[in-house]
Amino acid sequence: MTEDRRFEIELANELINLANDKQAAGADPTVIAAAYRHAAANFTAYAYAQGTNKRLATKRITKDFRQQLEFYDKRHRGNTPSM
């Protein structure tokens, strides 16, 4: 596993912990998810605008998100083994 991948997973876990804390405090999990999608879109656009000279990789980003979303939906419903 690369150092970038380790950092990605570590940061994702921190964000999930924040979401769990917000849910435990009474926030609707679908509202938390919408806020995370908003933040992810905002920061992704910012990262491409500031960090590269490349155009926004919309198709790849969308494909990656969909694959992860479908994997985790199956996982949380008990239809796939954990990673």
Side-chain angles (χ1 to χ4, degrees):
M1 181 180 302
T2 68
E3 188 61 33
D4 285 346
R5 182 70 173 140
R6 278 190 202 94
F7 178 71
E8 178 185 327
I9 291 168
E10 180 181 307
L11 184 54
N13 286 335
E14 289 178 26
L15 296 171
I16 291 166
N17 288 338
L18 175 61
N20 289 337
D21 291 346
K22 295 294 184 185
Q23 185 178 358
D28 181 320
T30 61
V31 172
I32 298 166
Y36 272 27
R37 287 192 304 275
H38 180 121
N42 184 344
F43 196 81
T44 299
Y46 169 81
Y48 270 81
Q50 301 299 316
T52 72
N53 290 327
K54 299 176 186 175
R55 294 187 64 171
L56 185 65
T58 306
K59 287 183 181 181
R60 184 184 56 76
I61 293 166
T62 303
K63 181 182 175 185
D64 290 349
F65 179 80
R66 184 176 181 159
Q67 287 175 337
Q68 291 172 5
L69 178 64
E70 290 172 349
F71 171 84
Y72 284 112
D73 179 60
K74 289 176 185 174
R75 180 175 173 193
H76 290 296
R77 293 176 190 275
N79 296 328
T80 190
S82 63
M83 288 175 63

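Keep in mind that what you see is a predicted model, and the values were worked out from it rather than measured.
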Roughly how far apart are Thr44 OG1 and Phe65 CZ, rounded to 0.5 Å?
10.5 Å
For the atom pair CD1 (Ile32) and CG (Leu15), what is the distance rounded to the nearest 0.5 Å?
12.0 Å
Taking only residues two or more places apart in sequence, or in another chain, which ones meet [X] in a side chain to side chain contact (heavy atoms under 4.5 Å, CB included)?
X: Ala57; result: Tyr48, Arg60, Ile61
X: Glu3; result: Arg6
X: Gln50; result: Tyr46

Exercise: do Thr2 and Asp4 side chains pair donor with acceptor under 3.5 Å:
no
Is the shortest heavy-atom distance from the side chain of [X] to the side chain of [Y] under 4.5 Å?
X: Leu69; Y: Arg66; value: no
X: Lys22; Y: Leu18; value: yes
X: Thr62; Y: Lys59; value: no

Tightest non-hydrogen contact, residues Asp73 and Arg77, listed as OD1-NE, 2.6 Å
